[in-house]
Every structure is written in C-alpha cells, then in structure tokens.
S.K.: 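I am attaching a structure below and will ask some questions about it afterwards.
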Amino acid sequence: VAPERRAREEANQQLHDAQTKLQRIIDKVAQLEETLVTLTNQYKAAIEAKVKCQTEADATSATISLADRLVNGLASEKIRWGNSVKSMKKQATMLPGDVLLVASVISYLGCFTKSYRVDLLENYWMPKFSTLPTEIPNSMGYQGANVLSLLTDDVIIAGWNNEGLPSDQMSTENATILTNSLKWPMMIDPQLQGIKWIKNKYSESLTTIRLGQQDYLKTIEKWVSEGKVLLIENMPEDIDPVLDPLLGRQLIKKGKAIKLGDREVEYNQNFKLFLHCKMTNPHYKPEFQAQTTLINFTVTKSGLEDQLLAEVVKADRPDLEEQKAALTRQQNEFKILLKSLEDDLLQRLSSAGEDSLSDSSLVENLENTKKTAAEIEEKVKLAKITSEQIDSARELYRPAAARASVLYFILNDLNKIHPMYQFSLKSFSVVFDCAIQKAVMDNDVDTRVRNLTESITHQVFIYTTRGLFECD
C-alpha cells in the first residue's frame, strides 16, 4: 500500500506542478493578448494619423495649387482693376457735375437736332460750369454719345444696334434718353427709324394702336392694368384730354390706380408707354411737352449717308456687306460675352467669403474667363484687320451715298417753299434703289461709282420734277 501512496503523492505533485505551470502560461498568454490589443490600437491610431496627415497634405497641396492658379489668374487683372479703382475714385469727386449735365441732357436736349445739342453743350453749359464762383467738377466733354456714358456702355449700345437702332451718335443719344427718362418718351420720327427699333426691341410684348381707332381707350385701360408695353403711333397735335392723367401719371389711391375718363383703372407699375409722331415739326401744347420727354429721331445727314452706303454696297458688293454685318454682330456679341464673363467673375469673388481658396469652381471660372478673353482678343485683332479691309472697299462707294444723302435733305427743304412738298425717306429709298439698278455696270470701281452718282442724281431729278407745280 505504501508504494502506491507514494506513487499517488508523486502523481499529485506532478499534477500540481503541471497545473501551476499551465496557469503561468495562461497568465502569460493573457498578458500577451492584452499587449497585442494595445499595440493593435496604437497601430490603428498611427494609421489614422497617417491618413489624416496625408489628407491634410493633399488638401494643403491642392490649396497651394489653387492659390498659385488664382494669383496667376488675377495677376494680369491687378493692373487693370487698379486703374479702374483710381478712375472710379476720381469720377466720384466729379459726380455732381456729371449728374447735373446728364440730367440736363435728358430733360432738355431730346427735342433738338445735333447742331443745337452741340451748341448748347459746348458753348453754353460746359463753359458755364467753369465760370461759376464755385466751379462744378465734371468729367465729361461733349464726345457724341459719351456725354451719356454714366447711363450706358458699349454692351448696351451693341444690343440696341442688334435690335435695329442706327449706329450713328444721334440715335445712340436718343435711345439713351428714351430708356432713362422718367416721363413717357415722345418720338418725333418722320423716317420711322425709332419706331422700327422699338418694335424690334419689344417685339411680341408690344401692342401698337392709334388714337381714334375703335375701342382704343379700352385697349389702353387693359394694358395699363396688365402692365404691358403700349405704343401709340401717329400722334396728332391735338391730344384727347381724357389721356392727360395717363400722360402726366396722375395716380390716385396711393399710386395704385389712375382715372381714365370716368373710370378708375388699376395701375400696374410694369406698364410702359411710347408715343410716336410722324410730323417733322409738330407743335404741341406746353402742357403736353411738360408731361412727356420729346426725342427727335429725325435722320441726320451723316447717319443717312452711312445707311445709304450700306444699301449701295449691298446692291453692288453683297459679299462685302454680308461680311460687314456678320463682323458687326460678332463684335457686339464679343463685347456682351466679355462683359458677362467679367461680371460673373466679380460676383463669384465677392460672394466667395473668407475661404476663397476652397472654391475650386471660382479658380476654374477665372481660368475659363481668361482663356475665353484671350481667344476673343485674338479674334478681335483678326476682325479689326478684316474690318479695315472691308471699310476700305466700302469707302470707295461713299461718294454715291454722300450725293444721295445731300439730295434727300435738299428734297426735305422744299417744304420751305410750300408745305405740300413732303418726301418720305421710304419713297426716296425706292427711287434710290431704282437708280442703283439703272446705273451702268463697269468693272472699274471708280467708273462704277461715277455711274452710280450720275444715275442717282438723274433719277432723283426726274422723281422731284414730276411732283413740282408751276408758280402762279
């Protein structure tokens, strides 16, 4: 029994030793696993920190790249914008004189011809500014339509020309006065050039009526309440008194209604009214002239010469006139596009906030703008060369157009002999076109121009003598 007891004790001792050793191993494994978890967490944290640093590095690199692109993109604009800021600061000091001059032009010059406008501005108003005890600062001399440069720019003028407004300075001034006057504009337009532009400008939204036509007053009431654009053409010298509240904008009910006849009509602030007169020298009552802004759209000699030149070239060299028209449209579109791109860029810069470098679309827009502007600049240079070539070819025909323009104004002066002698530009244009068709063709341009001049003179002479009466 004793050996078996010893064997059992030895076995128990071995078991105890084995269990103790196993426990130590288990404790060691637990410790290692705990260390593994700690190291794993540290590894994950390190990886996350690395990814975050890499992301920040990439973002910083992208920001630096955007900053470089933005700086490079705006570098060329810095000088131009800097000059613009200086110019605007200088203009701000001259605003009193500029505003006074522009307000005077809009209020008083519209009814005069170009010679009287020039005389008033150069010989009366501008000198008066400098002779006052306290000189009124102003930035504008009379440079054609530039006297109204505070109210318009090349882009607006280009849009008007595309709508059919003649490109001479007188027409540009008239359009500027018309679009900026608070009073309803009254167009003195015997040649129908202004009314043609208005109809093209407003096209489908415009309604044309004449005083005296059936239910014309109901049409006016409807358009006043709906806020539409209304054109009253061929206005007589005697205006129906029922229209006085409309012409004078005599609103009632805090500006919400107007009285036409015995009816009160709701007044829509979007309503626009244009008045038109075909008479060359109408005599309206002072009250009517005070209620409206008279604008003289009567054609000028230089303006008519340019228009007739276009007709001559169109008939004799249609290829040149088509190129000229296409080139003019292209230049106008370029001006409008450049203005639009610059305005969009400035709007994005102003609304970018403090962190403008995070706006990649801003930089991309800037680069696209500069790229487009560079392309347009190149096209403008090429177009300028082409335009000079076309103008040189067109100028060869100017003597014929100048003769026709002079003849038209001579015909217009015949009414000084007797009021019955009235010649419309439309009928003169028919005679002019007929003369071009009857002129003898010749390959030599100088000879062809002489033939055109003689044919125009002869046809106008025949046309005029046919309508002359013998003196009693």
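Along the sequence shown, residues carry numbers from 1.
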S.K.: Considering only NZ, NE, NH1 and NH2 on the basic side and carboxylate oxygens on the acidic side, decide whether K285 and E287 come within less than 4.0 Å.
M.R.: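 Judged by the 4.0 Å cut-off on N to carboxylate O distance, K285 and E287 do not form a salt bridge.
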S.K.: So, N174 side chain and M170 main chain: donor-acceptor pair closer than 3.5 Å or not?
M.R.: yes
S.K.: Give me the one residue out of I195, I198, I188, L178 that meets side-chain contact (heavy atoms from CB on, under 4.5 Å) with F297.
M.R.: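 Single side-chain contact (heavy atoms from CB on, under 4.5 Å) partner of F297 among I195, I198, I188, L178: L178.
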S.K.: Using the test ring-ring contact (aromatic ring centres under 6.0 Å, His included), find all partners of F274 that sit at least two apart in sequence or belong to another chain.
M.R.: Y202
S.K.: Counting only heavy atoms not in M420, do more than 12 sit closer than 6.0 Å to its CE atom?
M.R.: yes
S.K.: Should we say atom CG of L182 is surrounded by more than 12 heavy atoms from elsewhere, each under 6.0 Å from it?
M.R.: no
S.K.: If the condition is side chain to side chain contact (heavy atoms under 4.5 Å, CB included), which residues does H458 pass it with, not counting sequence neighbours?
M.R.: I462
S.K.: Please tabulate, for the side chains in residues 234-243, all donor-acceptor contacts under 3.5 angstrom to protein atoms that are two or more places apart in sequence or on a different chain.
M.R.:
| unit_1 | atom_1 | unit_2 | atom_2 | d |
| --- | --- | --- | --- | --- |
| E237 | OE2 | H283 | N | 2.9 |
| D240 | OD1 | V242 | N | 3.1 |
| D240 | OD2 | Y216 | OH | 2.9 |

S.K.: Got a sec, which pairs hit salt bridge (Lys or Arg N to Asp or Glu O under 4.0 Å) with one end in residues 446-460, sequence neighbours left out?
M.R.: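 Every salt bridge (Lys or Arg N to Asp or Glu O under 4.0 Å) pair that includes a residue of residues 446-460, provided the two are not neighbours, is D316-R448.
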S.K.: List the residues meeting side chain to side chain contact (heavy atoms under 4.5 Å, CB included) with T293, not counting sequence neighbours, and say none if there are none.
M.R.: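 Partners of T293 under the side chain to side chain contact (heavy atoms under 4.5 Å, CB included) test: I177, S181, K183, I295.
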S.K.: Give a yes or no on whether Q214 atom CD has more than 12 heavy-atom contacts from other residues, nucleotides or ligands under 6.0 Å away.
M.R.: no
S.K.: Within the distance-only criterion (no hydrogens, no angle test), does the side chain of Q289 pair as donor or acceptor with the backbone N or O of Y284 below 3.5 angstrom?
M.R.: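 Yes, because the side chain of Q289 sits within donor-acceptor range (under 3.5 Å) of the backbone of Y284.
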S.K.: Counting N and O atoms only, with roles assigned by atom type, does the side chain of S405 sit under 3.5 Å from a partner on the main chain of K301, one being a donor and the other an acceptor?
M.R.: yes
S.K.: Are F423 and Y463, when compared by the centres of their aromatic rings, separated by less than 6.0 Å?
M.R.: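 Between Y463 and F423, which both carry aromatic rings, the centre distance is below 6.0 Å.
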S.K.: Got a sec, which pairs hit ring pair (Phe, Tyr, Trp, His ring centres under 6.0 Å) with one end in residues 105-128, sequence neighbours left out?
M.R.: none
S.K.: Without swapping roles, check the side chain of D413 against the backbone of I410 for a donor-acceptor pair under 3.5 Å.
M.R.: no
S.K.: Once the angle between the rings of F271 and Y267 is folded into 0 to 90°, is it parallel (under 30°), tilted (30 to 60°) or perpendicular (over 60°)?
M.R.: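 F271 and Y267: perpendicular rings.
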